[in-house]
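Just so it is clear, the structure is predicted and the values come from calculations on it, not from any experiment.
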Amino acid sequence: MILLDAKDSLPLYRQLYDRLRARILTGQLPAHARLPSVREMVHDLGVSRNTVQGAYQELYAEGYIYSAPRSGYFVSSLDQDAAQRSLKPASHAPELQPEPAAGCRFDLHPARLDPGSFPGEIWRKCFIDSLRKHRDALVAYGDPQGELPLRRELQRYLERSRGVVCEVGQIVILAGLQQGLDLVAHLLRDSHRVVAVEDPGYFMPRAVFGNHGFQVLPVPVGPAGLDLEQLAAGAGSIAYVTPSHQLPLGCVMPVASRLKLIEWAESGGRFIIEDDYDSELRYHGKPIASLQGLRPDGNIIYSGTFSKVLSPALRISYLVLPRVLLAAYRRQFRDHFCTVSLLEQQTLARFMELGHWERHLRRMRTCYKRKHDRLLRAVEDHFGPRARVTGQGAGLHVVVQLVGAAPGEAELLRRAAREGLRLYPASDFYLAHKPQGTTLLLGFGAPSLEEIDAAVALLSRICA
Ligand SMILES: Cc1ncc(COP(=O)(O)O)c(C=O)c1O
């Protein structure tokens with residue numbers, strides 16, 4: 001007996017569909033059982049013909065039932081175990097919910113941006129401009145390598161500000177480092193098996209290359225960046241590096257080491273992936289020029305992103321491929337589409353073309369320099385000799401090593417969580433090696449100046 005509820009907000013045809021579907025999935029209506037004719041169902045339920053036809057058509061369209069000429073509708077044959085499971089509510093649903101942020105008063109995440117920093121109004125105008133200008137282009141797929149106006153703007157910017165020497169044909173627009181590394185893994189996996197990564201270093205490259213079946217080889221990082229002797233002694237033939245602002249330690253690879261690294265790559269058909277993720281954010285002097293610019297024809301894959309200065313949510317990044325990889329890229333990715341929305345690309349191109357990017361960059365440098373300086377002052381005031389700061393002067397975080405009788409890392413994180421302070425230990429970035437003592441990354445991008453003061457004061461108190 002099927003009961004429908006006329007007061008339910010769900011339309012009657014949908015209720016009938018649901019009831020029949022449940023009976024089919026539970027086996028109450030077995031395979032090849034005949035469904036009552038539309039006329040019988042109309043009569044039994046007292047509903048309109050449209051209601052029954054609507055439900056039957058939907059069940060038919062989704063394959064729950066089939067029709068036989070002049071005989072009516074019959075239940076399709078389904079794998080009964082699988083069918084039953086699809087009726088059960090997913091038992092893991094709560095895990096899909098984001099972690100509640102409640103209880104966190106201060107979050108010193110090393111990669112968060114200032115909450116008010118996105119230039120929403122200007123972006124909106126550029127977006128509307130692009131929509132008007134490129135409306136006709138919206139009915140087709142864009143350039144697989146990324147929209148030309150954006151690549152042109154990028155090429156000029158990279159040459160002027162990062163010393164990158166390339167042509168627009170070498171630039172590929174992507175939706176983040178992860179996709180860039182995926183692409184590199186596809187291009188190099190036939191001839192390379194071992195990727196050397198910085199230890200400590202960013203976790204993402206390890207994961208991406210590991211997922212592609214590469215062996216991931218941790219190489220220690222010293223005050224001058226990646227230890228080149230250890231690199232040369234290992235089997236790695238691809239090196240992933242952050243030479244202009246090492247993540248997480250913040251050191252800069254000096255030019256002598258850069259040249260050695262380039263030689264290492266060139267002498268054995270090896271490759272360097274230069275992740276230049278945040279070098280726009282340098283607070284004293286000029287940004288460090290890129291490694292790629294030292295040898296534009298070298299085996300250097302340059303990676304950049306808009307995530308650190310503009311927005312990580314936009315998901316716009318880019319690779320500059322070395323010429324030696326262009327033919328392979330075109331062959332392997334000829335049939336791929338660009339994953340970044342055409343409108344967002346054109347909006348960004350317009351944003352850059354009108355000079356907003358340069359202005360925004362200057363504003364962001366000023367904003368983060370104030371926060372950076374305030375953090376250093378707060379650490380000095382509250383910790384004095386109890387803390388050693390390194391990696392300052394750039395990016396969105398500094399590294400603070402606790403000196404003397406400080407609590408261990410686990411105990412400190414427990415105390416911090418109790419007080420609503422979210423901390424990020426440097427140990428999370430290590431693979432084979434471990435940091436000395438308790439070392440933290442203190443991010444200053446998101447908190448206000450007052451929050452920076454309060455968070456460091458609290459940290460000092462719970463370290464005592
Ligand atoms: C070392 C490094 N590279 C790149 C990125 C950003 O990459 P994406 O362009 O995927 O946002 C991050 C983000 O935190 C990073 O830490």
- Applying side-chain hydrogen bond (donor to acceptor under 3.5 Å, both in side chains), name anything that partners Asp428, two or more places apart in sequence or on another chain. none
- Query: Trp357 and Leu310: side-chain contact (heavy atoms from CB on, under 4.5 Å), yes or no, with the steps?
  - Reply: CA-CA 9 Å; Trp357 168 243; Leu310 189 57; 4.1 Å; yes
- Item | Thr51: side-chain contact (heavy atoms from CB on, under 4.5 Å) partners, not counting sequence neighbours | Leu12, Tyr13, Val47, Ser48
- Kindly indicate whether the side chain of Met352, heavy atoms from C-beta on, has any atom under 4.5 Å from the side chain of Leu150. yes
With a cut-off of 3.5 Å and sequence neighbours excluded, list every side-chain donor-acceptor pair involving residues 208-220.
| from | atom 1 | to | atom 2 | distance (Å) |
| --- | --- | --- | --- | --- |
| Asn211 | ND2 | Ala207 | O | 3.3 |
| His212 | NE2 | Asp182 | OD1 | 2.5 |

- Message: When you compare the side chain of Ser317 with that of Gln179, does any pair of heavy atoms fall below 4.5 Å?
- Response: no
- Query: Short question: side chain of Gln346, backbone of His134 - any donor-acceptor pair under 3.5 Å?
  - Reply: no
- Message: Under a 3.5 Å distance rule, please check whether Glu159 uses its side chain to pair with a backbone N or O of Cys166 as donor and acceptor.
- Response: no
- Report yes if some heavy atom in the side chain of Tyr368 is under 4.5 Å from a heavy atom in the side chain of Leu113; otherwise report no. yes
Side-chain donor-acceptor pairs of residues 320-335 under 3.5 Å, sequence neighbours excluded:
| from | atom 1 | to | atom 2 | distance (Å) |
| --- | --- | --- | --- | --- |
| Arg323 | NH1 | Asp297 | OD1 | 2.7 |
| Arg323 | NH2 | Glu167 | OE2 | 3.0 |
| Arg330 | NH2 | Gly169 | O | 3.0 |

- Message: Please check: side-chain N/O of Thr439 versus main-chain N/O of Ala426, any donor-acceptor pairing under 3.5 Å?
- Response: no
- Dump the intermediate steps for side-chain contact (heavy atoms from CB on, under 4.5 Å) on Leu449 and Lys371, then the final yes or no. CA-CA 6 Å; Leu449 295 171; Lys371 292 187 174 196; 4.0 Å; yes
- Please list, chain by chain and in numerical order, all residues satisfying salt bridge (charged side-chain N to carboxylate O under 4.0 Å, His left out) with Arg14, sequence neighbours excluded. Asp18, Glu58
- Do Cys251 and Val221 have side chains that get closer than 4.5 Å, going by heavy atoms? yes
- Item | Side chain to side chain, Glu266 and Arg295, heavy atoms closer than 4.5 Å | yes
- Side-chain touch Gln246/Met253, heavy atoms, less than 4.5 angstrom: no
- Side-chain heavy atoms of Leu247 within contact of Asp275, under 4.5 Å: no
- Do Glu344 and Trp123 have side chains that get closer than 4.5 Å, going by heavy atoms? yes
- Task: Please say whether more than 12 non-hydrogen atoms of neighbouring residues, nucleotides or ligands are located less than 6.0 Å from OH in Tyr60.
- Result: no
- Task: For Glu274 and Leu291, indicate whether the former's side chain and the latter's backbone hold a donor-acceptor pair under 3.5 Å.
- Result: yes
- Message: Angle between ring planes, Phe351 versus His360, binned at 30° and 60°: parallel, tilted or perpendicular?
- Response: perpendicular
- Query: Is there a donor-acceptor contact under 3.5 Å from the side chain of Asn299 to the main chain of Arg270?
  - Reply: yes
- Atom CZ of Arg370 with >12 non-hydrogen neighbours under 6.0 angstrom: no
- What residues form a side-chain contact (heavy atoms from CB on, under 4.5 Å) with Arg160, not counting sequence neighbours? Arg156, Tyr157, Glu358
- Side-chain (Arg162) to main-chain (Ile288) donor-acceptor, under 3.5 angstrom: yes
- Answer yes or no: is there a donor N or O on one side and an acceptor on the other, between the side chain of Arg282 and the main chain of Ser244, under 3.5 Å? yes
- Criterion side-chain contact (heavy atoms from CB on, under 4.5 Å) against Tyr318, the qualifying member of Val172, Val340, Leu158, Leu174: Leu158
